[in-house]
Every structure is written in C-alpha cells, then in structure tokens.
Amino acid sequence: MLTTTMSDEADDRWFLGTQLRILADANATGGAMTVMEQRAPFGFSPPLHVHDREDTALLVLAGRLTVRIGDDERVVGPGELAWLPRQVPHTFRVDSDEVHLIELATPSGVEEFHREASEPAQGDVLPPPAMPDVPRLAAAFARHGGEILGPPMHPVGPA
C-alpha cells in the first residue's frame with residue numbers, strides 16, 4: 001500500500017507498468033522538490049535517460065535495484081539511496097519480485113512529466129502488463145526537460 005500525500009487528494013498513477021503516487025509536487029513545496037512513491041514489478045526498467053533540469057534520488061524501501069549512473073552500476077537495497085545527478089544518463093532495473101521506493105527530485109517539475117506520460121490508477125494495485133507508448137513517453141519527457149537515450153537495462157533471470 002502506498003502512503004498518503006501532502007494534499008487532500010491522492011495522485012495515483014499507472015506509469016510504464018508501475019504504480020506511482022505523487023506525494024508532494026511543485027504546489028506543495030513551493031517548487032523546491034517533488035516526492036513520489038513507486039512500486040514496480042520484477043524486471044521493470046525505464047529506458048536509459050537523462051534529466052536536464054533536476055537531480056533525483058531513489059530511496060529503496062523494499063526490494064532490490066541495479067542502478068546504472070553514467071558508466072557505473074551498483075545494487076541498491078532497502079535503506080539505501082542512489083543519487084542521480086542531472087545531465088548524467090541513468091536507468092535502473094528491479095531485481096527482486098517487486099520494489100517499493102521513494103523518488104525525490106529537486107527542484108520540482110518532473111511530476112508533470114509523470115502525469116502526462118501516465119494514466120490515473122485504477123485501484124491500489126500494479127497495472128496489467130502493457131507495451132509502453134514510446135513516442136508519447138519521449139515527447140512528454142522532452143517537454144519537461146529530459147531525453148530518452150537508449151533502451152531499458154537487459155533483464156536478468158527469475159527473482
């Protein structure tokens with residue numbers, strides 16, 4: 001289950017096969033930061049991408065990720081944080097059955113990309129598997145200061 005937001009209404013989204021909740025956005029933080037909570041299934045990996053406007057951090061609450069930041073890769077588990085500086089290409093892959101994480105971005109704004117490139121969630125569950133609409137994703141990301149550079153990370157064996 002995802003936690004509550006700083007506003008009165010939850011902003012739950014289905015984003016690329018994950019469940020995403022926007023906990024704090026530009027309105028709630030005066031533009032200082034975005035806070036999002038995400039649950040993602042085994043094997044999930046966003047395309048290799050870069051943010052031009054914000055630095056981000058992934059704080060793993062449960063599960064395990066392999067994170068690629070520039071040319072480096074490392075495994076991040078519960079209680080560990082991965083720092084993803086702006087203008088450095090990055091991606092990650094879920095290596096456990098599921099991951100539960102908090103994404104922090106400073107300054108705020110990346111939440112608008114997530115809103116534009118997702119659908120309202122239909123309940124507190126992961127969405128059914130579906131092929132991503134890559135042109136929609138790339139166009140939305142470009143409008144919000146990002147660029148898709150390559151494919152997701154290769155999958156690994158069963159969790």
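Side chains included, hydrogens not; waters and symmetry mates left out as well; all remaining heavy atoms used. Counting begins at 1 with the first residue of the sequence.
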How would you list, by chain and number, every residue that makes a salt bridge (Lys or Arg N to Asp or Glu O under 4.0 Å) with R93, sequence neighbours excluded? D95
Is there a path from M153 to V99 through hydrophobic residues (I, L, V, M, F, W, Y) whose side chains come within less than 4.5 Å of each other? no
Heavy-atom pair of closest approach, residues A62 and P78: CA-CG, 4.2 Å
State, yes or no, whether a side-chain contact exists between L61 and L101 at a heavy-atom distance under 4.5 Å. no
Which pair of heavy atoms, one from T91 and one from P46, lies closest together, and at what distance? OG1-O, 2.5 Å
Counting only N and O atoms by type, is there a donor-acceptor contact under 3.5 Å from the side chain of R13 to the main-chain atoms of L20? no
Side chain to side chain, P107 and E54, heavy atoms closer than 4.5 Å: yes
I'd like to know if the side chain of S96 and the backbone of G63 have a donor-acceptor N/O pair within less than 3.5 Å. no
In this structure, which one of L149, L84, V50 forms a side chain to side chain contact (heavy atoms under 4.5 Å, CB included) with H90? L84
Could you check whether any side-chain N or O of T66 sits under 3.5 Å from a backbone N or O of V94, counting only pairs where one atom can act as donor and the other as acceptor? no
Nearest 0.5 Å, what's the CG-CD distance between L23 and Q38? 11.5 Å
For a quick test of reading the model, state the closest non-hydrogen atom pair linking G150 to P47 and the distance between them. O-CB, 3.2 Å
Could you note down all residue pairs passing side chain to side chain donor-acceptor pair (under 3.5 Å) where residues 71-85 supplies at least one of them, sequence neighbours left out? R68-E73
How about H100 and E37: does a side-chain donor come under 3.5 Å of a side-chain acceptor? yes
Would you check if the side chain of S45 reaches a backbone N or O of P152 as a donor-acceptor pair within less than 3.5 Å? no
Polar side chain donor-acceptor pair, D52 to Q87, under 3.5 angstrom: no
With a 4.5 Å limit on heavy-atom distance, are the side chains of L58 and L65 in contact? yes
Expected output: side-chain R86 to main-chain H51 donor-acceptor under 3.5 Å: no
With heavy-atom distances below 4.5 Å as the criterion, would you say the side chains of L104 and M33 are in contact? yes
Check against side chain to side chain contact (heavy atoms under 4.5 Å, CB included), I148 and L48: CA-CA 6 Å; I148 294 176; L48 179 67; over 6 Å; no
Under 3.5 Å donor-acceptor pairs involving side-chain atoms of residues 126-145, not counting sequence neighbours:
{"residue": "D133", "atom": "OD1", "partner": "R136", "partner atom": "N", "Å": "3.1"}
{"residue": "R136", "atom": "NE", "partner": "E116", "partner atom": "O", "Å": "3.4"}
{"residue": "R136", "atom": "NH1", "partner": "E119", "partner atom": "OE2", "Å": "2.7"}
{"residue": "R136", "atom": "NH2", "partner": "E116", "partner atom": "O", "Å": "2.8"}
{"residue": "R136", "atom": "NH2", "partner": "S118", "partner atom": "O", "Å": "3.0"}
{"residue": "R136", "atom": "NH2", "partner": "E119", "partner atom": "OE2", "Å": "3.3"}
{"residue": "R143", "atom": "NE", "partner": "E116", "partner atom": "OE2", "Å": "2.8"}
{"residue": "R143", "atom": "NH2", "partner": "E116", "partner atom": "OE2", "Å": "2.2"}
{"residue": "H144", "atom": "NE2", "partner": "E116", "partner atom": "OE1", "Å": "2.8"}

Tell me the ring pair (Phe, Tyr, Trp, His ring centres under 6.0 Å) pairs involving residues 52-79, sequence neighbours left out? none
Quick check: closest heavy atoms across G77 and V60, and the distance to 0.1 Å? O-CB, 3.4 Å
Identify, with sequence neighbours excluded, every residue that meets salt bridge (Lys or Arg N to Asp or Glu O under 4.0 Å) alongside E103. none
Look at the side-chain heavy atoms of Ile, Leu, Val, Met, Phe, Trp and Tyr, link any pair under 4.5 Å apart, and say whether I69 and V75 land in one connected group. no
Under-4.0 Å salt bridge between D11 and R115: yes
Nearest heavy-atom neighbours spanning A32 and T106: O-OG1, 3.0 Å
Step by step, would you call D12 with D124 a side chain to side chain contact (heavy atoms under 4.5 Å, CB included)? CA-CA 8 Å; D12 294 337; D124 191 21; 5.7 Å; no
Could you tell me whether the side chain of T18 and the main chain of A40 form a donor-acceptor pair under 3.5 Å? no
By the ring pair (Phe, Tyr, Trp, His ring centres under 6.0 Å) test, which pairs, at least two apart or in different chains, include something from residues 11-40? F15-F113, F15-H114
Taking all non-hydrogen atoms of both residues into account, name the closest pair between G109 and T34 and its distance. N-OG1, 3.4 Å
